[in-house]
There are 2 protein chains.
Amino acid sequence: MLRAAEQQLAASDDNDVSTRAVCEAVGVGQPALYRIFGDKAGLLAALVDHGFERYVERKRALETTEDPVADLRAGWDDHIAFALENPAVYRLMFSPTLTRRPEAPETIFGLLSATLERCARAGVLRLPAPLAAQRILSANVGVALAVLVRPDLYSDPQLSTSVRDAVFAACLDEPGSPDEPAGLDEPGSPGEQGRLDGQGRFREQGRSGPETAGADIGPVAIRLAAQLRAEPSSPLGDEEQQLLLKWLDLLGAGA
Amino acid sequence: MLRAAEQQLAASDDNDVSTRAVCEAVGVGQPALYRIFGDKAGLLAALVDHGFERYVERKRALETTEDPVADLRAGWDDHIAFALENPAVYRLMFSPTLTRRPEAPETIFGLLSATLERCARAGVLRLPAPLAAQRILSANVGVALAVLVRPDLYSDPQLSTSVRDAVFAACLDEPGSPDEPAGLDEPGSPGEQGRLDGQGRFREQGRSGPETAGADIGPVAIRLAAQLRAEPSSPLGDEEQQLLLKWLDLLGAGA
DNA sequence: CGATGTTCCGTATCGTTGATACCATCGAAG
DNA sequence: CTTCGATGGTATCAACGATACGGAACATCG
């Protein structure tokens with residue numbers, strides 16, 4: 001029945017389905033639908049949940065490499081690809097007019113935050129993961145809806161990648177920022193979004209043990225401590241500042 | 001009649017109106033509506049056009065200063081403000097499920113491109129205006145819809161400005177790139193969504209004297225805080241860690 | 001084996017909504 | 001006064017969401 005509903009949804013031009021048509025396509029009466037989903041909104045909610053399920057499943061299937069930033073980019077691109085491959089369901093999933101708001105987006109936030117946490121562990125995340133997730137997802141959905149609903153207006157083949165890199169650049173702290181030489185990438189080959197980085201940037205920290213994360217915190221703590229010592233004016237009091245410096249030295253020593 | 005329709009639209013929870021209710025509110029029969037707008041989609045289209053009209057009118061009312069980049073930022077903020085002030089109409093205007101697609105968005109593109117051309121004349125635009133307009137508008141709509149439809153998930157009061165600056169940074173070539181004014185605004189106070197625009201946005205840029213070194217402390221503190229949050233294992237105790245994070249946030253906020 | 005209850009399905013139906021046919025009223029021209 | 005076009009309203013149709021009611025199949029129990 002969900003299949004039939006999705007087909008009819010994709011076929012219809014106004015992204016709406018009638019319970020009669022769905023039931024007739026499956027070969028049952030309307031009460032069956034109402035017994036199963038309780039409501040038309042229930043049917044649509046189930047459809048949305050099914051869409052989110054596929055979305056999450058797909059996202060989980062994306063292999064996680066040792067480069068969390070590359071995974072982040074792949075996640076963005078996969079989001080766009082999902083939207084373009086399932087336009088009807090995507091429109092429904094992110095439609096501003098939803099009676100029942102699904103809880104799946106929180107799962108999405110969780111997945112995205114997980115990747116972002118990996119970035120944070122690598123020391124390239126400049127702000128808390130939840131905030132970065134909000135920025136990334138809102139922009140991602142905006143671009144997806146734009147190219148989905150008005151491809152005539154949003155016709156730049158590099159729209160997605162450029163907004164992606166822009167938002168990422170604001171959240172991450174990459175050594176060699178890609179920095180957008182717009183138009184170098186062949187517009188005709190959008191499939192390959194291009195290895196802007198690649199060569200295992202943080203490999204030099206190298207030690208494959210669990211110490212890697214702690215080793216990344218150290219330099220940052222040392223740097224901050226040095227800055228604080230050089231800059232006496234601080235919103236903190238003297239005693240607090242002393243204690244903070246002590247802790248930073250502790251973190252810098254790597255425990 | 002448009003007023004009545006808009007009121008009913010704002011009142012209804014599913015962003016839909018019935019022709020009967022609208023006509024009854026005005027005091028006429030349904031045929032009047034169908035003679036005027038021809039269709040329910042026509043009524044909604046007129047409503048959307050009316051919304052775009054106000055939007056454009058508002059945008060034209062924004063004074064143009066000698067700083068096109070500031071005007072660009074004001075335009076973004078005004079877009080968000082319009083969305084928050086007219087949620088129902090905005091949802092309709094940018095709803096993915098629209099039968100009749102209005103031509104007003106092209107006017108919006110024109111206005112935005114005009115400001116961008118001014119940026120280009122000032123020598124700060126890094127790419128053709130139409131491409132920049134696509135990036136800016138798609139992200140702008142995405143953020144607006146996000147904070148409009150799911151304020152519970154997109155609760156960061158700095159979401160709009162941060163995405164704005166990120167996208168702008170990718171399109172423009174500013175001498176002093178703001179580069180992360182995103183202080184960690186207290187996550188514990190999500191209730192106040194308002195006024196994301198901008199009372200003297202980057203006032204801190206006024207580098208007057210030795211403060212320049214202090215300006216670098218913020219980002220480093222934010223980064224270290226993010227790393228610490230992502231990496232629970234720490235040589236510090238829980239209470240110490242909490243206090244340390246609080247101080248780091250304080251330093252990150254620059255206050 | 002028969003009675004009873006539960007579950008499921010389908011037909012028929014209700015209330016609402018979008019959309020329209022048809023008639024009434026009114027003002028202007030002849 | 002008559003005629004005609006225009007405008008507004010009543011009644012109505014078709015489709016839709018939603019539900020009440022009855023019947024069939026199956027299981028359970030006496």
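So you know, we letter chains A, B, ... as the sequences are listed, proteins then strands, and number each from 1. Just so we're clear, the structure is a prediction, and the values are computed from it rather than from any experiment.
The two residues A/D14 and B/T97 come nearest to each other via the heavy atoms O-CB, 4.2 Å.
Near-neighbour residues of DNA chain D inside residues 27-35 of chain A, defined by a heavy atom below 4.0 Å, number-ordered: A/Q30, A/P31, A/Y34.
Within 4.0 Å of A/V17, counting heavy atoms only, lie sugar-phosphate atoms of the nucleic acid but no base atom.
Checking the phosphate oxygens (OP1, OP2) of C/dG18, a side-chain nitrogen or oxygen of B/T19 falls inside 4.0 Å.
Atoms CG (B/D16) and C1' (C/dT16) sit 12 Å apart, rounded to a whole Å. Summarising the geometry, the separation between CG on B/D14 and P on D/dC16 is reported as 18 Å, rounded to the nearest angstrom. In this structure, A/K40 atom NZ and D/dC16 atom C1' are separated by 8 Å, rounded to whole Å. Summarising the geometry, the separation between CZ on B/F37 and P on C/dG18 is reported as 14 Å, rounded to the nearest angstrom. Rounded to whole angstrom, the span from the CD atom of B/Q8 across to the C1' atom of C/dT17 amounts to 14 Å. Rounded to an integer number of Å, the gap from CZ of B/R20 to C1' of D/dC13 is 11 Å. Here C/dT20 presents its P atom at 7 Å from CG of B/D39, a figure rounded to the nearest Å. In this structure, CD of A/E24 is placed 15 Å from C1' of D/dG17, rounded to the nearest angstrom.
Put simply, the side chain of A/R126 gets close to the backbone of A/A169: a donor and an acceptor are under 3.5 Å apart. The backbone N or O of A/Q134 lies less than 3.5 Å from a partner atom in the side chain of A/S138, making a donor-acceptor pair.
Of the options A/K59, A/R58, A/E57, a side-chain hydrogen bond (donor to acceptor under 3.5 Å, both in side chains) to A/Y55 is made by A/K59 and by none of the others.
Ring geometry, B/F94 versus B/H79: the interplanar angle falls from 30° to 60°, so the pair is classed tilted.
Enclosure of atom CZ in A/R3 is not indicated, since only 12 or fewer non-hydrogen atoms of other residues, nucleotides or ligands lie within 6.0 angstrom.
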